[in-house]
Amino acid sequence: MKFKLLFIFVVLSVFNVSAGNRQPVIVHKSWSADNGNGTYTNPLFYDEFTDPDIIRVGKDYYLAGTTMHCVPGIVILHSTDLVNWKFASYCFDRFDRNFPEFNLDKGKTVYGQGIWAPCIRYHNGKFYVFSNINGHGLHVYIADNINGPWTHKRIDGDIYDLSVLFDDDGKIYAIHKYGNVTCTQLKPDLSGPVEGSERVIIPEGNAMGEGHHIYKINGMYYIISADYSPMGRMQCARSKSIYGPYETCVISARESFGYSAACTTGNVSLGSPIPEEGFKFTQNKPASNVLSASTIHQGGIVQAEDGKWWGISMQDFNAVGRTTCLSPVTWVDGWPYFGLEKNLGRSPRTWFKPNNSTPSPQAPYDRCDDFDGKNLKPVWQWNHNPVENKWSLSEKKGVLRLHSMFANQLLWAKNSLTQRAIGPVSTTSVKLDISGIKDGDNCGLGVINMPSAQLGVVKSADKTYIRWYDQNTNKEIKQPLAKKTIWLRLWGNYDESKLRYSYSLDNKTWTDIGDTIISSYQMRTFQGVRTALFAYNKLKVNGGGYADFDDFIVDEPMADRSGNIPYGKTIKIFNLADNSPAYAMPHGMLHSTWQGSNDSNGSHALFVVVDKGNGKVNLQCADGRYLYIAGIGMSGDVRFTTDKNQAEDFVWQDMLGNQFMFLSMKTQHYLCKHPDDGSPYSADCQGADADRRNGCVLKYEIVK
């Protein structure tokens with residue numbers, strides 16, 4: 001290997017040249033929700049973490065998530081503060097049921113199915129993870145230690161998408177099914193259901209959904225569920241008896257943090273045939289104000305050591321798929337509402353960390369890999385079960401070697417090694433050595449999605465070519481390649497569902513290739529974009545070659561948010577709804593003015609962000625006055641005073657890309673100016689609409 005790479009998560013990507021003849025140390029920061037100032041910003045992870053379920057054991061939190069068709073399966077993360085998470089374990093290395101669909105054999109797959117919707121529990125000193133393998137029943141994984149090893153057993157019965165309660169009297173209940181919420185008692189040995197115990201406890205017609213999470217809190221049974229029809233939201237049911245009757249209400253709705261519904265693939269759905277090259281895709285982008293399942297919906301709640309409650313939930317997050325968010329929970333009249341006391345049902349994007357036990361922000365994974373280790377890093381997963389004797393890590397060469405096997409396209413390629421794409425923007429690059437490829441081989445850096453995409457090298461009739469291919473448009477570019485080594489790169493703006501490929505022959509000069517690729521979210525894989533290292537052979541003969549991969553690097557230019565709040569800077573503020581500059585009226589109110597007017601160019605349109613510590617800020621006009629909130633924050637109550645002790649503390653809501661919101665600590669609502677009626681600013685907005693144009697999302701420009 002040319003040089004050893006050290007990848008560190010807690011520092012911005014920079015080059016630091018040390019003394020002597022040592023090589024530069026390249027460091028790559030990955031997204032952490034921790035802002036380093038006592039606050040966090042959602043999402044917890046800017047890559048996919050689906051169907052989250054959470055528990056606390058002492059000082060430790062454990063979070064389990066769906067892995068579908070990828071292995072190792074059922075991921076578990078660990079945290080001590082609910083914000084910074086580390087990888088703990090997978091429940092299993094591979095699907096151990098010997099069926100062709102787990103192995104991409106005989107034209108069968110488990111794309112979008114596999115194992116999903118885990119329920120994690122801790123009882124009498126043991127950890128339990130219950131989950132369904134679609135078409136193969138309910139399974140439980142049991143361990144004495146969260147890091148494993150895990151034992152596996154199958155549970156008989158038609159129980160799916162469940163939550164489990166170990167009740168005080170020793171009985172074990174499973175809550176499951178959609179619409180007609182059903183309770184089934186499980187046998188103590190977890191071999192199956194207690195005969196005749198299945199009962200509908202909440203009938204259809206009570207607005208309950210699926211993905212249930214059951215808790216017993218102060219003697220009351222609570223069931224939290226998610227619904228996607230007609231729009232993502234969270235409901236809660238409660239009863240004094242496990243069998244009801246239950247009363248229900250909505251505890252979270254319309255919170256998307258200013259993100260609209262994702263671009264989707266309309267004619268590929270769960271269970272439909274795998275689209276082959278040449279398939280005509282239909283991609284749909286909803287209107288920018290449509291929410292759909294971009295709202296936080298499925299998840300659960302957990303109580304911290306200090307007695308406060310927190311909510312964990314997922315939301316559809318464009319091309320990265322479904323990611324996970326953290327919300328403060330406020331109990332009102334016995335209901336656990338997501339959000340703040342004065343703004344129930346809506347969650348702040350940026351809020352105060354539950355505690356500051358973690359000294360510095362950390363990410364769950366080291367995403368970069370030089371393949372020098374004996375084992376793959378836990379960020380990696382195989383697309384379906386791998387064929388073990390067809391891949392290796394060479395400690396001598398420090399490379400990942402993939403031996404090609406027959407496949408007619410990327411989605412059927414065995415031993416594709418994948419990572420979840422990470423947003424909002426990232427660049428993934430890898431070094432590829434093709435010295436070992438043979439006729440018919442196709443290897444490179446792919447996008448596992450439907451439609452898929454790839455950039456790599458193919459060999460045909462003893463000639464090698466660079467090949468770019470977009471399955472969506474069925475376009476292909478092939479260029480002759482004379483060298484044995486090439487570097488491949490994928491750039492993605494996953495918030496906008498856009499991808500671009502480039503390549504280099506010297507790892508210095510990069511050449512773009514192909515068009516911008518639209519990578520939508522779809523129900524066939526039921527996952528967001530996955531980057532993949534692949535090698536397959538399109539000829540139906542034995543004896544394919546191999547490809548060597550090295551220096552896999554993921555760079556996230558927006559992961560370091562330490563400079564996103566312009567502390568001490570003089571700025572201009574514009575309302576995203578109409579691009580009007582904010583203006584401190586001599587009359588005493590915060591209003592707007594017109595672009596290019598004398599007022600917009602004067603000191604009353606200039607502001608300074610004052611750091612109050614712990615993520616809180618004051619806003620000071622350049623003329624010396626401070627912003628404060630009078631009354632209950634109605635239009636006209638957002639005013640200016642010369643008394644800095646009256647200045648309102650705001651929590652800066654980082655919307656990325658110089659966009660933000662001001663969350664008032666007094667009203668627990670957002671600073672807002674109605675975009676149409678000409679009214680001055682208020683502090684009574686519940687939160688951003690999907691298109692961010694309802695008057696509460698602002699943007700800034702630094703003047704000095």
Side-chain angles (χ1 to χ4, degrees), residues 30-33 42-54 63-77 85-87 90-91 110-118 131 211 226 228 232 256-257 259 261-265 270 292-299 312-326 363-367 377-384 416-426 428 446-450 452 490 492-497 499 519-532 554 556 558-559:
S30 189
W31 178 278
S32 167
N42 283 308
L44 289 179
F45 326 112
Y46 225 114
D47 60 338
E48 187 163 72
F49 197 97
T50 305
D51 303 327
D53 194 31
I54 191 169
L63 186 66
T66 287
T67 49
M68 294 290 187
H69 48 277
C70 297
V71 294
I74 298 294
V75 63
I76 300 174
L77 303 182
W85 295 85
K86 289 184 176 181
F87 172 81
Y90 289 108
C91 288
V110 285
Y111 277 122
Q113 300 178 52
I115 193 162
W116 42 270
S131 196
Y228 52 82
S256 75
F257 304 114
Y259 289 86
C263 176
T264 59
T265 304
L270 195 62
S292 188
S294 63
T295 54
I296 58 175
H297 50 288
Q298 187 167 323
I312 290 284
S313 54
M314 73 176 183
Q315 71 175 115
D316 291 13
F317 226 70
N318 296 302
V320 298
R322 291 171 160 177
T323 190
T324 295
C325 298
L326 177 67
Y365 303 104
D366 184 345
R367 301 181 186 278
K377 293 182 178 181
V379 69
W380 292 110
Q381 290 178 289
W382 297 100
N383 180 20
H384 293 67
S416 292
L417 189 62
T418 73
Q419 284 193 22
R420 296 170 293 275
I422 187 163
V425 175
S426 61
T428 301
V447 172
I448 300 289
N449 197 23
M450 297 188 189
S452 66
L490 174 69
N493 183 330
Y494 296 99
D495 277 2
E496 297 183 4
S497 302
L499 310 176
S519 198
S520 50
Y521 185 69
Q522 36 70 45
M523 302 292 283
R524 187 60 183 91
T525 68
F526 227 140
Q527 291 184 325
V529 169
R530 279 182 171 262
T531 54
V554 180
E556 304 172 45
M558 298 179 71

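Nothing here was measured: the structure is a model prediction, and the numbers come from that model.
Here the shortest heavy-atom pairing between Val320 and Tyr46 reads CG1-O, 3.7 Å.
One distance of note links CD1 of Ile422 with CD of Glu556; it measures 3.5 Å at 0.5 Å rounding. In this structure, the separation between OG on Ser131 and CD1 on Ile74 is 3.5 Å, given to the nearest 0.5 Å. In this structure, the separation between CZ on Phe87 and CG on Asp366 is 13.0 Å, given to the nearest 0.5 Å. Note that CD of Gln527 is 7.0 Å distant from OG1 of Thr50, once rounded to the nearest 0.5 Å.
With a 4.5 Å cut-off on side-chain heavy atoms, Gln315 and Ile296 count as touching. The closest side-chain heavy-atom distance from Gln298 to Arg322 is not below 4.5 Å.
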Discussion item. What verdict does the side chain to side chain contact (heavy atoms under 4.5 Å, CB included) test give for Asp47 and Tyr494, after you've listed the backbone C-alpha separation in whole Å, the side-chain angles of each residue and the deciding distance to 0.1 Å?
Written reply: CA-CA 10 Å; Asp47 60 338; Tyr494 296 99; over 6 Å; no
Discussion item. Side chain to side chain contact (heavy atoms under 4.5 Å, CB included), that's the test. Do Val71 and Trp382 meet it? Break it down for me.
Written reply: CA-CA 5 Å; Val71 294; Trp382 297 100; 4.0 Å; yes
Item to complete: Apply side chain to side chain contact (heavy atoms under 4.5 Å, CB included) to Arg524 and Thr265, showing your working.
Response: CA-CA 9 Å; Arg524 187 60 183 91; Thr265 304; over 6 Å; no
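Taking the six-membered ring where tryptophan is involved, the planes of Tyr111 and His69 are perpendicular, since the angle between them exceeds 60° and thus also 30°.
The backbone N or O of Ser520 lies less than 3.5 Å from no partner atom in the side chain of Ser497, so there is not a single donor-acceptor pair.
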